[in-house]
Amino acid sequence: MHGTIRAMHDPVHHTLEEESQLVQIRLQKLRQLRELGLDPFAIERYETTHPLQAIHDEYEQLEGKTVAVAGRIAAIRKMGKATFAHLMDSTGKLQIYLKADEQGEKYDLIDLWDLGDYLGVQGFVFKTRTGEITVHVQSFTMLAKAIRPVPFPKEKGEQRWYELHDVEQRYRQRYLDLLVNPESRQRLLARCRMIREIRRFLDERSFLEVETPVLQPMAGGAAARPFVTHHNALDREFQLRIALELHLKRLLIGGIDRVYEIGRVFRNEGISTRHNPEFTMLELYQAYANLEDIMSLVEELFRHVAERVFGTTVFEMHGVQVDFARPWQRIRLMDAIRERTGLTEADFETLEDAVRAAEKVGIYVERKDTIGGIIEKVLEKCVAEHLQQPTFVYGFPIDTSPLAKREPDNPRFTRRFEGYLFGKEVANAFSELNDPLEQRARFEQQYALRQAGDEEAHPFDEDFLHAMEYGMPPAGGLGIGIDRVAMLLTGTDSIREVIFFPQMREG
RNA sequence: GAGCCGGUAGCUCAGUGGUAGAGCAACGGACUUUUAAUCCGUGGGUCGAGGGUUCGAAUCCCUCCCGGCUCACCA
């Protein structure tokens with residue numbers, strides 16, 4: 001922490017004079033361009049007729065026509081008095097071709113080009129004798145210069161050489177990763193498209209997207225340690241939200257019957273391949289809907305996202321295939337535990353029973369654990385890995401579900417399910433508790449746990465109770481960890497691969 | 001937090017005690033339909049940081065920094 005503060009107040013200033021020979025050469029080229037009155041950084045605008053991919057897609061109509069395109073130089077092949085290069089933009093790549101006798105003196109400017117520079121060109125579309133669609137350049141302008149070498153790989157068809165492999169550099173300099181590694185780009189763009197399709201799906205169903213506070217007096221709605229910050233003018237402590245739940249429920253109380261938020265939440269916990277301190281949650285609430293309605297919604301949501309973003313409902317990970325065209329399996333939590341461990345509800349009757357049961361299946365129990373906490377540990381350690389096919393596990397213990405309605409005929413458990421996919425939890429949903437008297441009692445229980453040393457027990461939120469006392473409709477609620485889902489649907493084991501700028505130590 | 005592995009040129013990597021290397025990239029030259037262009041030539045390094053052992057350390061030892069993986073933690 002001290003290091004961070006020092007870095008903020010006393011940054012190291014680098015001068016380009018200290019940089020490598022490669023940078024010096026590029027700076028020299030920039031100076032030459034400026035002396036010629038061709039300062040690339042003076043350019044503001046370059047009017048293009050097509051994105052690069054469109055030249056390929058519309059070749060039939062464009063052949064022989066004049067077009068203007070722009071992009072980064074991703075490859076150059078200069079062969080004396082003829083030069084080929086590839087431009088790259090966000091849609092794709094396109095080859096360009098220049099001849100010395102047509103360019104005259106300007107042909108020498110090619111010597112001032114480097115990989116990574118931005119170029120705008122105008123010319124006519126043709127096919128080379130090897131059949132590659134190409135723009136025969138008549139005029140060109142450098143639109144910006146890269147004064148550091150951009151590590152574009154050599155490519156031949158699908159093969160690539162010398163790409164940027166170093167994982168640390170890929171994360172710290174994601175812009176380079178995006179430029180040179182198409183898989184990274186595809187994976188991260190898929191995440192963005194998933195979020196877009198989730199919005200479309202919910203908007204089509206009349207859900208209203210809202211924004212609720214990140215800075216909260218008391219972060220609730222989940223069990224996690226919060227980040228703490230300070231508001232100077234008010235001279236008081238705030239916490240960064242760990243969930244969206246309690247404010248969205250206030251909106252439900254306020255008459256917004258279908259409401260959702262896709263937003264960043266913050267949990268002050270360890271960093272791992274599956275945990276980033278800030279991550280993206282979807283939470284939605286639907287008045288007058290029950291748990292089964294939410295299950296159907298989840299099935300439809302995954303199917304929609306799969307089809308729209310990936311063009312298929314079939315996904316594979318570690319050799320397991322799933323199909324979102326089929327309904328999810330449904331199993332009661334205690335039944336799933338019995339199937340995998342032989343333990344039954346009777347083995348979790350008292351805390352002593354539960355501790356003994358946990359030891360039987362090799363689970364380490366902490367002093368703060370409740371019966372429900374132990375049951376959930378058994379789920380995580382003994383059952384979850386077997387839930388490869390999309391599965392709803394329902395009937396969660398009451399003491400780990402302080403915001404969910406009880407099961408009417410089994411009051412130790414709640415109307416709550418978790419969705420599992422490829423052995424990982426991807427969704428969490430309840431029939432929302434809307435009885436303010438019981439909610440108060442649940443908060444009392446959580447308060448007692450907190451007093452007993454459980455830092456993650458739910459805080460006693462009097463303001464939220466007050467809101468609920470004005471009347472909250474029966475409702476189904478859902479939370480989905482977007483990053484986890486993105487991992488599973490893009491087939492990656494690291495959350496850092498689906499977050500543009502994952503949290504790193506100071507480097 | 002623990003264990004294991006790693007950090008060498010712009011990029012990808014080799015180099016286990018004896019003058020820091022290769023390919024690509026860069027630079028100079030040849031080449032007017034190439035596409036990992038080709039051919040000839042040249043330059044380029046705080047070997048993550050600091051300390052130690054040694055006549056001599058990228059290499060062995062210690063401490064630290066950064067990263068990856070596994071475990072722990074994590075509804």
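For R26(A) and rA26(B), the shortest distance from a side-chain N or O to OP1 or OP2 is not below 4.0 Å. OP1 or OP2 of rA37(B) sits under 4.0 Å from a side-chain N or O of K154(A). Taking only side-chain nitrogens and oxygens, K377(A) never comes nearer than 4.0 Å to OP1 or OP2 of rA72(B). Contact annotation: Q169(A) reaches the phosphate of rC11(B) (side-chain N/O to OP1 or OP2, under 4.0 Å). Within the structure, a side-chain polar atom (N or O) of R505(A) is placed less than 4.0 Å from OP1 or OP2 of rG67(B). For R172(A) and rG67(B), the shortest distance from a side-chain N or O to OP1 or OP2 is below 4.0 Å.
Looking at R225(A) and Q239(A), their side chains never bring a donor and an acceptor atom within 3.5 Å of each other. Between the side chains of T391(A) and R330(A), no donor-acceptor pair is found at a separation under 3.5 Å.
For a distance-only test at 3.5 Å, the side chain of Q95(A) qualifies as a donor-acceptor partner of the base of rU34(B). A donor-acceptor contact under 3.5 angstrom links the side-chain atoms of R77(A) to the base of rU34(B).
In this structure rA2(B) sits in a base pair with rU70(B), meeting the Watson-Crick or G-U test at under 3.5 Å. Base pairing of rU38(B) is made with rA30(B), judged by Watson-Crick or G-U wobble geometry with both donor-acceptor distances under 3.5 Å. Of the nucleotides present, none pairs with rU54(B) by Watson-Crick or G-U wobble criteria with both distances under 3.5 Å. Pairing partner, rU63(B): rA49(B), with both Watson-Crick or wobble hydrogen-bond distances short of 3.5 Å.
rA75(B) atom C1' lies 14 Å from atom CZ of R225(A), rounded to whole Å. If you measure from atom CD1 of I73(A) to atom P of rA26(B), you get 11 Å, rounded to the nearest angstrom. Counting to the nearest Å, the P atom of rC73(B) and the CD atom of E376(A) are 14 Å from each other. L98(A) places its CG atom 15 Å from the P atom of rU32(B), with the value rounded to the nearest Å. One can place CE of M504(A) at 16 Å from P of rC65(B), the figure rounded to the nearest angstrom. Rounding to whole angstrom units, CD1 of residue I76(A) and P of rC27(B) are separated by 9 Å.
Listed in residue order, the members of residues 329-339 of chain A having a heavy atom less than 4.0 Å from RNA chain B come to none.
At the heavy-atom level, T273(A) lies under 4.0 Å from the strands shown only through sugar-phosphate atoms. Counting any heavy atom pair closer than 4.0 Å across all strands shown, E132(A) reaches a base atom. F126(A) comes within contact range of at least one nucleobase, with a heavy-atom separation under 4.0 Å. K29(A) comes within 4.0 angstrom of sugar-phosphate atoms only, judged by non-hydrogen atoms across all strands, and of no base. Using a 4.0 Å heavy-atom criterion, one finds that D101(A) contacts the bases of the nucleic acid, with or without backbone contacts as well. Residue contacts shown for A100(A) are absent, as no nucleic acid heavy atom lies under 4.0 Å away. Residue contacts for K424(A): at a heavy-atom cut-off of 4.0 Å it reaches no nucleic acid atom on any strand shown. Across all strands, K81(A) comes closer than 4.0 Å to base atoms (heavy-atom distances). Among the heavy atoms of the strands lying under 4.0 Å from Y171(A) are primed sugar atoms or P, OP1, OP2 only; no base atom is included.
Comparing the same atom, C1', in rG10(B) and in rA25(B) gives a spacing of 7 Å after rounding to whole Å. Look at the C1' atom in both rA14(B) and rC55(B): the space between them is 28 Å, to the nearest Å. Here the separation of rA57(B) from rG48(B), taken at their P atoms, is 15 Å to the nearest Å. For the C1' atoms, the distance from rC40(B) to rU59(B) is 36 Å, rounded to whole Å. For the C1' atoms, the distance linking rG51(B) with rG15(B) amounts to 25 Å, nearest Å. A distance of about 27 Å separates the P atoms of rG1(B) and rC60(B), rounded to the whole Å. Look at the C1' atom in both rA20(B) and rA9(B): the space between them is 10 Å, to the nearest Å. Look at the C1' atom in both rG45(B) and rG7(B): the space between them is 15 Å, to the nearest Å.
Among residues two or more places apart in sequence or in another chain, the salt bridge (Lys or Arg N to Asp or Glu O under 4.0 Å) test is passed with R416(A) by E376(A), E418(A). Listed by chain and number, the residues in a salt bridge (Lys or Arg N to Asp or Glu O under 4.0 Å) with D353(A) are R356(A) (sequence neighbours excluded).
Remark: K65(A) NZ to H50(A) NE2 distance equals 9.0 Å, nearest 0.5 Å.
Between F443(A) and H458(A), the two ring planes are parallel [angle under 30°; tilted spans 30° to 60°].
Looking at every heavy atom in both residues, R174(A) comes nearest to I499(A) through NH2-O, 2.8 Å.
Figure legend: R77(A) and Y97(A) shown without cation-pi pairing, the cationic atom not lying both under 6.0 angstrom from the six-membered ring centre and within 45 degrees of its axis.
Counting non-hydrogen atoms of neighbouring residues, nucleotides and ligands closer than 6.0 angstrom, the CD atom of Q451(A) exceeds 12 such neighbours.
In this pair, F84(A) does not lay its aromatic ring on the base of rA37(B); centres under 5.5 Å and planes under 30 degrees do not both hold.
In the set rA75(B), rC11(B), rC73(B), rA75(B) carries the atom at the smallest distance from any side-chain atom of E425(A). Candidate nucleotides rA75(B), rU12(B), rG67(B) were compared by shortest atom distance to the side chain of E168(A), and rG67(B) ranks first.
Side-chain contact check for V498(A) versus R187(A): some heavy-atom pair is nearer than 4.5 Å.
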For side chain to side chain contact (heavy atoms under 4.5 Å, CB included), just list the numbers for R26(A) and R148(A), CA-CA rounded to whole Å, side-chain angles, deciding distance to a tenth of an Å, and then say yes or no.
CA-CA 7 Å; R26(A) 284 165 177 246; R148(A) 286 184 196 276; 5.9 Å; no
